[in-house]
Amino acid sequence: MANASAKRTAAANEAALRNLRILMIFIPTLSLFLRYFFRFSLFFPSSDSRPLRITLSSPFPTKTSLFIHLITFVPVMVLYSHLTSIGSPKRDKTTGALISSGEDLNMTGVTEWCWDIIYVTWGCQVGSALVGEWFWWAYLCIPLFALWKIYSVFIKPYYLSGSGEDKSDVPNDQETSKRQQKLKKRSEKGDPRVKRL
């Protein structure tokens with residue numbers, strides 16, 4: 001029998017995956033609706049009593065926009081399948097009892113980044129429908145964030161840390177413990193109890 005924490009995690013995961021499935025359909029549909037509404041909208045007549053007129057731009061996405069939608073659809077589907085595979089609770093088929101709650105989908109780290117990529121993709125889809133295709137440039141925040149993380153976690157500490165080896169060669173009295181200071185004094189006096197290296 002699963003404990004209360006596993007049940008809470010399973011319920012939260014089921015709700016998150018249900019919302020993800022709904023939004024996977026709703027956001028692209030909203031994007032197409034907004035694209036149609038804003039690109040093919042009716043203008044109200046002005047004071048000179050001209051009839052209603054329709055804008056000349058096409059309500060359908062351009063080839064570039066379709067290409068970008070298809071390219072960004074691939075990572076969203078990969079991340080969707082990843083989140084579904086790690087977050088789906090496992091239940092007994094006969095009794096419906098909880099066997100495994102799955103990984104917590106509210107974890108920080110890689111799972112959080114998966115959600116962020118999905119949200120940025122959806123934001124770019126809706127933003128490009130509202131204001132234009134140039135909004136897809138906001139999608140560059142994903143690789144820029146990845147580069148910043150690589151720099152701050154791997155490159156800066158290991159390769160650009162400066163002269164870290166010089167500090168470790170000469171120990172400071174403040175960095176050594178009291179026991180180490182006592183052993184150092186004994187070895188300087190020639191105490192036979194202290195091993196010399």
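Computed from a prediction, not measured in an experiment: that's the story for all the values here.
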Under 3.5 Å donor-acceptor, [X] side chain and [Y] backbone:
{"X": "T72", "Y": "H69", "value": "yes"}
{"X": "K156", "Y": "F154", "value": "no"}
{"X": "W115", "Y": "L105", "value": "yes"}
{"X": "S81", "Y": "V78", "value": "yes"}

Within-4.5 Å side-chain heavy-atom neighbours: T64 and E133: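 With C-beta onward as the side chain, the pair stays apart.
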For the pair M24 and W122, evaluate side chain to side chain contact (heavy atoms under 4.5 Å, CB included) and give the outcome as yes or no after the intermediate values. CA-CA 9 Å; M24 289 283 289; W122 288 344; 3.8 Å; yes
Is it the case that one hydrophobic cluster holds both [X] and [Y], taking links as side-chain heavy atoms less than 4.5 Å apart, direct or via other members?
{"X": "L34", "Y": "W134", "result": "yes"}
{"X": "L23", "Y": "L130", "result": "yes"}
{"X": "F73", "Y": "L20", "result": "yes"}
{"X": "V131", "Y": "V126", "result": "yes"}
{"X": "M107", "Y": "L83", "result": "no"}

Just verifying a value: how many Å separate [X] [atom1] and [Y] [atom2], rounded to the nearest 0.5 Å?
{"X": "L140", "Y": "W137", "atom1": "CG", "atom2": "CH2", "result": "6.0 Å"}
{"X": "L17", "Y": "I22", "atom1": "CG", "atom2": "CD1", "result": "11.0 Å"}
{"X": "L66", "Y": "I71", "atom1": "CG", "atom2": "CD1", "result": "11.5 Å"}
{"X": "C124", "Y": "Y119", "atom1": "SG", "atom2": "OH", "result": "15.0 Å"}
{"X": "Q180", "Y": "L183", "atom1": "CD", "atom2": "CG", "result": "8.0 Å"}
{"X": "D116", "Y": "T121", "atom1": "CG", "atom2": "OG1", "result": "10.5 Å"}

Write down the atom of [X], the atom of [Y], and the distance for their closest heavy-atom approach.
{"X": "L98", "Y": "P89", "result": "CD1-CB, 3.9 Å"}
{"X": "C114", "Y": "H82", "result": "SG-CD2, 3.9 Å"}
{"X": "V120", "Y": "C141", "result": "CG1-SG, 3.9 Å"}
{"X": "Y139", "Y": "I117", "result": "OH-CG2, 4.3 Å"}
{"X": "S101", "Y": "A6", "result": "CB-O, 3.2 Å"}
{"X": "F135", "Y": "G123", "result": "CE2-O, 3.5 Å"}

What pairs meet the side chain to side chain donor-acceptor pair (under 3.5 Å) rule with one or both residues in residues 9-28, with sequence neighbours excluded?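 Listed once each, the pairs are E14-R91, R21-Y80.
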Show, in sequence, the C-alpha distance, side-chain angles and deciding distance for T111 and E103, and conclude whether the side chain to side chain contact (heavy atoms under 4.5 Å, CB included) test is met. CA-CA 9 Å; T111 307; E103 295 292 325; over 6 Å; no
Which word best sums up how the rings of F145 and W148 line up, parallel for under 30°, tilted for 30 to 60°, or perpendicular for over 60°?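 Because their plane-to-plane angle lies in the 30° to 60° range, the rings of F145 and W148 count as tilted.
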Tell me if the NZ atom of K185 is crowded by more than 12 foreign heavy atoms within 6.0 Å.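 12 or below, so no.
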Looking just at side-chain N and O atoms, do R35 and S128 make a donor-acceptor pair shorter than 3.5 Å?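 Distance-only check passes for R35 and S128.
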